[in-house]
Colleague: 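Please read through the structure below; I'll follow up with questions.
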Amino acid sequence: MLSDPTGKYHAFQPVLLDDRQWPNRTIDHPPLWMSTDLRDGNQALFEPMNAERKMRMFKTLCKIGFKEIEVAFPSASQTDFDFVRQLIENDLIPEDVTIEVLTQARDHLVKRTMESLRGARRAIVHVYNATSRPFREIVFGLTKTQVIEMATNSVRQIRELAAGQPGTEWVLEYSPETFSATELDFSLAICDAVAATWGATPDNKVIINLPTTVEVSTPNVYADQIEWMHRHLARRDSIVLSVHPHNDRGTAVAAAELAIMAGADRVEGCLFGNGERTGNVDLVTLALNLYSQGIAPGLDFSDINDIARMAEFCNRLPVHPRHPYAGDLVFTAFSGSHQDAIRKGFAAQQAGALWNVPYLPIDPADVGRSYDSVIRVNSQSGKGGIAYLLETEYGVVLPRRLQIEFSATVQRETDTSGSEMSAGDIWELFCREYLNELGNPISYVEHHLFELEGAQGIRLAVIRDGTQYLLAGEGNGPVDAAVAALRVLGIDLQVRSYEERSLGISMAGADAEACAFVELVWSAGGGEGYGVGMDANIVSASIKALISGANRLIANNSANIRVRVA
């Protein structure tokens with residue numbers, strides 16, 4: 001039982017703002033967005049991103065539509081410094097994108113930070129120092145005046161160093177770290193001092209970022225703090241008012257939305273809420289919340305699956321299956337009553353009419369999700385724990401998204417037969433759907449790997465419509481090389497995800513020990529889906545999975561996919 005917290009924790013009270021305006025406002029346009037996935041998100045990972053992952057994340061953020069991206073903490077590590085230099089020296093920053101870097105308000109760190117940006121077209125230098133009483137008195141041992149001097153001295157240094165690099169358009173951002181736990185009059189004093197030191201004008205605005213470094217109150221208190229600052233800042237017309245909510249209380253999205261109502265112009269956060277402790281505010285949820293209210297967010301999440309898989313690869317963290325809008329199960333109904341309501345909603349929905357399908361706040365197709373997995377069978381609907389039976393009876397552990405895909409096949413089968421399916425029935429259907437090569441356009445014969453300088457080569461023998469072909473390809477591994485080899489036949493695939501597993505138990509009459517699962521998309525359009533391969537050798541299993549997936553895409557999208565003769 002929890003102990004009595006009375007006298008142990010400080011309860012934050014609402015700001016004395018009797019005429020607060022934000023409760024009467026609604027959001028009618030998106031804020032300026034700033035992604036800190038590559039900085040705040042990256043420093044919170046078990047394993048920080050390497051150069052490959054950072055670059056993939058950066059390119060995806062640009063593709064989504066972020067115009068401001070905090071790319072690094074260049075004074076903190078050589079890896080971060082080098083990444084900034086790579087972006088600038090290799091001209092990898094789109095013309096309409098501004099990179100941002102973070103530094104503490106310390107002389108040598110500011111100098112190193114400015115060095116990293118040499119040659120940039122436009123850059124935001126984000127400087128911060130902690131301002132709340134515990135930091136002033138316990139961590140720094142400084143007075144309020146000294147904390148203000150710490151901030152303004154760094155701003156003055158940035159301004160002087162920026163003057164030595166006139167080829168760059170410089171923007172200053174300042175954060176009073178721990179703002180939400182700082183006395184408002186002191187936050188105002190230090191922010192006004194920073195704006196004055198920088199010489200902020202309507203044509204040369206400064207970004208004042210007010211973070212909930214640790215979320216310590218309900219969202220309405222934070223909104224009061226933002227509105228108070230919005231109304232009292234001395235140079236408000238020369239300031240872009242930014243917020244950076246964290247999620248310690250689980251209310252970061254609400255805090256950000258109320259802060260926008262309270263006068264904030266800009267929001268900083270991460271995809272899927274990554275970040276230290278419980279994470280930063282989730283920009284995907286924020287943007288799609290706007291979208292669900294008929295407001296174009298200015299960010300493109302039309303292929304949410306691809307973005308989620310990218311984030312999982314770069315962060316090495318899973319996106320929760322119940323994550324708003326993006327989770328693998330958020331558009332899936334297991335309950336019979338939910339299924340019935342959704343079926344009726346789809347039947348009644350008219351093209352071009354306002355979206356009005358029960359239990360679905362947005363159209364899954366708008367974020368690139370199919371309708372196939374919306375209504376599924378599971379043990380609660382009386383049609384069996386498919387994944388459980390395959391694992392316990394046959395040792396095959398399906399990836400979560402393959403479970404969703406295959407359950408739709410089982411549902412079609414049970415709808416047709418009107419009867420229950422045993423474990424043996426489900427296994428037979430699985431083999432027929434994913435493992436049986438008979439009658440398929442492409443059949444695997446054999447392969448031989450060979451090494452190339454810096455690459456993997458493959459000679460792949462397949463049969464297509466009765467004719468055997470010997471194909472060759474190269475890539476960064478066997479699967480990538482096989483993908484290249486299949487392009488000779490016009491089979492142009494992209495691998496979205498790949499998993500390999502050993503079989504949990506031996507199967508009667510089979511010598512397979514390894515199972516490979518490949519999630520594929522046809523490059524020129526035509527759907528996406530899984531392929532499965534089993535073999536004693538994991539490389540053979542992987543190539544069989546690739547051909548299995550290709551066959552399924554061809555079969556399921558025959559009107560759109562054409563395979564040419566080599």
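Since the model is a prediction, treat every value here as computed from it, not as a measurement.
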Colleague: Taking ring-ring contact (aromatic ring centres under 6.0 Å, His included) as the definition, give me every residue that meets it alongside H244, ordered by chain and number, with sequence neighbours left out.
Modeller: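 Counting only residues at least two positions away or on another chain, H244 forms a ring-ring contact (aromatic ring centres under 6.0 Å, His included) with H246.
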
Colleague: Answer yes or no: is there a donor N or O on one side and an acceptor on the other, between the side chain of R249 and the main chain of S217, under 3.5 Å?
Modeller: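 Checked: pair present.
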
Colleague: Could you grab the distance from atom OG1 of T103 to atom CD of E173, nearest 0.5 Å is fine?
Modeller: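 The OG1 atom of T103 sits 12.5 Å away from the CD atom of E173.
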
Colleague: Go through R39 and N42 one step at a time and tell me if the side chain to side chain donor-acceptor pair (under 3.5 Å) criterion holds.
Modeller: CA-CA 5 Å; R39 198 278 301 169; N42 185 51; over 6 Å; no

Colleague: Side chain to side chain donor-acceptor pair (under 3.5 Å) with D96: which residues, sequence neighbours excluded?
Modeller: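 Partners of D96 under the side chain to side chain donor-acceptor pair (under 3.5 Å) test: K67.
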
Colleague: Would you compute the distance between atom CD of E528 and atom CD of E519 and round it to the nearest 0.5 angstrom?
Modeller: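 If we round to the nearest 0.5 Å, E528:CD and E519:CD are 6.0 Å apart.
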
Colleague: Please tell me whether T201 and D203 have a donor and an acceptor in their side chains that are separated by less than 3.5 angstrom.
Modeller: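 On atom types as modelled, these side chains do not qualify, holding no pair under 3.5 Å.
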
Colleague: Both conditions, 6.0 Å and 45 degrees, for the charged tip of R56 above the ring of F313: are they met here?
Modeller: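 Ring-cation test returns yes.
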
Colleague: Which pairs count as salt bridge (Lys or Arg N to Asp or Glu O under 4.0 Å) when at least one residue sits in residues 273-287, sequence neighbours excluded?
Modeller: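 Every salt bridge (Lys or Arg N to Asp or Glu O under 4.0 Å) pair that includes a residue of residues 273-287, provided the two are not neighbours, is D248-R277.
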
Colleague: Please confirm whether R112 makes a cation-pi placement over F81, using NZ or CZ under 6.0 Å from the six-membered ring centre and within 45° of the ring normal.
Modeller: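 Positive - R112 is close enough to the ring of F81 and near enough to its axis.
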
Colleague: The criterion is ring-ring contact (aromatic ring centres under 6.0 Å, His included); which residues satisfy it with H230, sequence neighbours excluded?
Modeller: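 Counting only residues at least two positions away or on another chain, H230 forms no ring-ring contact (aromatic ring centres under 6.0 Å, His included).
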
Colleague: Output all residues satisfying side chain to side chain donor-acceptor pair (under 3.5 Å) with T131, sequence neighbours left out; order by chain, then residue number.
Modeller: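 For T131 the side chain to side chain donor-acceptor pair (under 3.5 Å) partners, ignoring immediate neighbours, are T182.
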
Colleague: What pairs of residues pass the ring-ring contact (aromatic ring centres under 6.0 Å, His included) test when at least one of them lies in residues 93-123, not counting sequence neighbours?
Modeller: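 Listed once each, the pairs would be none.
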
Colleague: Could you go through T98 and R122, starting from their C-alpha distance and side-chain angles, then the distance that decides it, and tell me whether this counts as side chain to side chain donor-acceptor pair (under 3.5 Å)?
Modeller: CA-CA 6 Å; T98 300; R122 188 174 191 268; 2.8 Å; yes

Colleague: How would you list, by chain and number, every residue that makes a side chain to side chain donor-acceptor pair (under 3.5 Å) with D224, sequence neighbours excluded?
Modeller: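 If we apply the side chain to side chain donor-acceptor pair (under 3.5 Å) test to D224, skipping adjacent residues, the hits are R20, W22.
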
Colleague: Under 3.5 Å, side-chain donor or acceptor atoms of residues 292-303 against the rest of the protein: list the pairs with distances, not counting sequence neighbours.
Modeller:
from, atom 1, to, atom 2, distance (Å)
S292, OG, N289, O, 2.7
D300, OD1, S302, N, 2.9
D300, OD1, S302, OG, 2.7
D303, OD1, D306, N, 3.3
D303, OD2, R496, NH2, 3.2

Colleague: Could you tell me if Q78 and D82 have a donor-acceptor pair between their side chains, going purely by distance under 3.5 Å?
Modeller: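 There is such a pair between these side chains.
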
Colleague: For S180 and T212, does a side-chain donor sit closer than 3.5 Å to a side-chain acceptor?
Modeller: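 Their side chains do not contain a donor-acceptor pair, so the 3.5 Å distance test is not met.
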
Colleague: With rounding to the nearest 0.5 Å, note down the distance linking CG in N209 to NE2 in H126.
Modeller: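 One finds 5.0 Å between CG of N209 and NE2 of H126.
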
Colleague: Kindly write out the residues that satisfy ring-ring contact (aromatic ring centres under 6.0 Å, His included) with Y222, not counting sequence neighbours, or none if the list is empty.
Modeller: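 Partners of Y222 under the ring-ring contact (aromatic ring centres under 6.0 Å, His included) test: none.
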
Colleague: Is a donor from one side chain sitting under 3.5 angstrom from an acceptor on the other, for Y128 and Q104?
Modeller: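 Side chains of Y128 and Q104: pair found under 3.5 Å.
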
Colleague: Applying ring-ring contact (aromatic ring centres under 6.0 Å, His included), name anything that partners H320, two or more places apart in sequence or on another chain.
Modeller: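 With sequence neighbours excluded, H320 shows a ring-ring contact (aromatic ring centres under 6.0 Å, His included) to no residue whatsoever.
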
Colleague: Can you list everything that forms a side chain to side chain donor-acceptor pair (under 3.5 Å) with E95? Sequence neighbours excluded, please.
Modeller: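 In terms of side chain to side chain donor-acceptor pair (under 3.5 Å), with neighbours along the sequence ignored, E95 is linked to no residue.
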
Colleague: Is a side-chain N or O of H323 found less than 3.5 angstrom from the main chain of V319, in a donor-acceptor match?
Modeller: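 No, H323 side chain to V319 backbone: no donor-acceptor pair under 3.5 Å.
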
Colleague: N247 and T278: side chain to side chain donor-acceptor pair (under 3.5 Å), yes or no, with the steps?
Modeller: CA-CA 5 Å; N247 199 42; T278 56; 4.6 Å; no

Colleague: Could you check L288, V267, N274 and say which one makes a side-chain contact (heavy atoms from CB on, under 4.5 Å) with L283?
Modeller: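 Considering L288, V267, N274, a side-chain contact (heavy atoms from CB on, under 4.5 Å) with L283 is found only for V267.
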
Colleague: Charged N to carboxylate O under 4.0 angstrom, R136 versus E183?
Modeller: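 Yes.
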
Colleague: Not counting sequence neighbours, list each pair that qualifies as a ring-ring contact (aromatic ring centres under 6.0 Å, His included) and has a residue in residues 164-209.
Modeller: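 Sorted result for residues 164-209: empty, none.
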
